[in-house]
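The structure appears below as C-alpha cells.
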Number of protein chains: 2
Amino acid sequence: MKLDKRDLQILAILQEEGRITKSELAARISLSPAACWDRLKRLDQAGFIKGYHAEVALEKIAPASQFLVQIELESHQAADFQRFEDAMQVIPQVVRCVAVGGGVDYFIEIVARDVSAYQVLIDQILESRIGVKRYFTFVVTKPVKESPPPLELLRGEGDD
Amino acid sequence: MKLDKRDLQILAILQEEGRITKSELAARISLSPAACWDRLKRLDQAGFIKGYHAEVALEKIAPASQFLVQIELESHQAADFQRFEDAMQVIPQVVRCVAVGGGVDYFIEIVARDVSAYQVLIDQILESRIGVKRYFTFVVTKPVKESPPPLELLRGEGDD
DNA sequence: AAACACTACCGAAGATTCTTCGGATTACTG
DNA sequence: CAGTAATCCGAAGAATCTTCGGTAGTGTTT
C-alpha cells in the first residue's frame, strides 16, 4: 500500500497528538472530515497504526527509577535466546527488551521503585536459570530527550 | 494530590488504550460517565497525563533501523553536558537521550534508514565539536518487548 | 447531635463529534 | 473518448462529549 504526503502528515500528527479530534485532524491537513476519515480508516486497517497510548507522568505517581541493562547469555543456541525472551515477556518491570549486535546479546530496560528494588529483581532473574552469563547496569540519572521518530526523514526522495 | 485505586485504573487503561471512549472507560471502572469525567479532568489538569500518542508501524512506512549508542564525553564540566544535550535536542533522528551512571555518560537511540545513513549521522555528530570522546554502537537486530510501566507495581502497600 | 463544608457520585440534556452514505470530481487506462 | 478507480465532498442520523444541578456519604466543628 502506498502512502502519499497527506497520509504521512496524518501519521505524524497522530504520533504527537494521539487524541486530536478527527475534525481537527482533517482541518490540519486541509481536507474534509469525510475524506480524512477514509484515509484514517485505510491506514488503520492496513496496520500502520499499532495503537494509541497515554503518556503518564510516572514520577508524579510514585518514586521510580529506570535502569538500562546489558545482557550477555551463556550460550547462543536458538533455544537459549527463546527462553530468555520468553522470560522477559512475563516480567512487568521489564518495559523494553531488544536483541542487539555489537558485543552483547540484549539490552533491557527496567523500571523499579529504587535501586534496591532493582537489585532484588535482577537477583531473581539471575537465579531463575535463564542463561544470563553476565550483565552490566546503567542507572538513568536524567531523561534528556524523548521524541517520536521523524517519519519524513526516513523516506528518500524517490519513495512512494 | 492523592490517587486512589480508581485513578490508577484510569491511568493504566489509558496507557494501553489511549483512544478509548470516555463512556467505555467509565464502564471499565464501574463509574458513571460524569464521575469518570471529573476524575479524568482532575488527573489531566494535575499533569498526570503528559499527552497522547499514536504508535506508528515505522517498519511498514520505510526501511528503518534502530541504533543504541553509548557516549562518553571528553570533559565533564556542567557546560559540556549542556552543550551535548542541546545538540541532541535538535537532531530529529535522535529519538531518545538519557544521561546515565555506570561507566559512560549518555545513551542515545537513533533511528535511521540503514547503517550507512547512521554512519553519516554519527560522523556529523563527531565532527560538530560537541565534545564526544568515544562512542560505541549497538544495532538493534530484533525488538523483543515494549510495554508501558506497570503502575500498580511501583506503589508500595502504604502509599496514598 | 445538629450544622457545616467537602467530596464523590449520578441522571439528564444541549453541544459537539463521529461515521455513513450517495454522488461529484479528478486522474489514469485501454 | 468512454470506462474504471481513486479521492473528494456535503448532509444527516448515531454516538459521544461535557456541563449542570442535585443527592448521598464523610468528617469536622460547635
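Throughout, a chain's letter reflects where its sequence line sits, starting with A, and its residues are numbered from 1. For clarity, every value in this text was computed on a predicted model and none was experimentally measured.
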Once side-chain contact (heavy atoms from CB on, under 4.5 Å) is applied, do any residues pair with [X], and if so which ones, sequence neighbours excluded?
X: Thr141(A); result: Ala99(B)
X: Ser23(B); result: Thr21(B)
X: Pro92(A); result: Pro150(B), Leu153(B)
X: Ala87(A); result: Ile130(A)

Quiz item: Taking only residues at least two apart or on different chains, which pairs with a member in residues 16-39 of chain B satisfy ring-ring contact (aromatic ring centres under 6.0 Å, His included)?
Solution: none
Quiz item: In whole angstrom, what separates Asp4(B)'s CG from dG25(D)'s C1'?
Solution: 15 Å
Quiz prompt | Protein-nucleotide distance (Arg19(B), atom CZ; dT16(D), atom C1'), rounded to Å | solution = 13 Å
Return a table of donor-acceptor pairs under 3.5 angstrom between the side chains of residues 66-73 of chain A and protein atoms on other chains or two or more places apart.
{"unit_1": "Gln66(A)", "atom_1": "NE2", "unit_2": "Glu109(A)", "atom_2": "OE2", "d": "3.1"}

Practice problem: Examine Tyr52(B) together with His53(A) and report whether their ring centres are nearer than 6.0 Å. | Solution: no
Quiz prompt | Nucleotide interval of DNA chain C bounded by contacts with chain B (heavy-atom cut-off, under 4.0 Å) | solution = dA8(C) to dG11(C)
Practice problem: Provide the full list of side chain to side chain donor-acceptor pair (under 3.5 Å) pairs with a residue in residues 11-20 of chain B, sequence neighbours left out, each pair given once. | Solution: Glu17(B)-Arg28(B)
Exercise. Have a look at the helix from dA1(C)-dT30(D) to dG30(C)-dC1(D) and give the angle its two end axes make, five pairs each, rounded to 10 degrees.
Key: 20°
Exercise. Tell me which residues in residues 21-51 of chain B put a heavy atom below 4.0 Å from DNA chain C, sorted by number, or none.
Key: Leu31(B), Ser32(B), Ala34(B), Ala35(B), Asp38(B), Arg39(B)
Quiz item: With sequence neighbours left out, what residues match Phe138(B) under ring pair (Phe, Tyr, Trp, His ring centres under 6.0 Å)?
Solution: Phe107(A), Phe136(B)
Self-check item: salt bridge (charged side-chain N to carboxylate O under 4.0 Å, His left out) contacts touching residues 73-93 of chain B (sequence neighbours left out)
Solution: Lys142(A)-Glu85(B), Asp80(B)-Arg83(B)
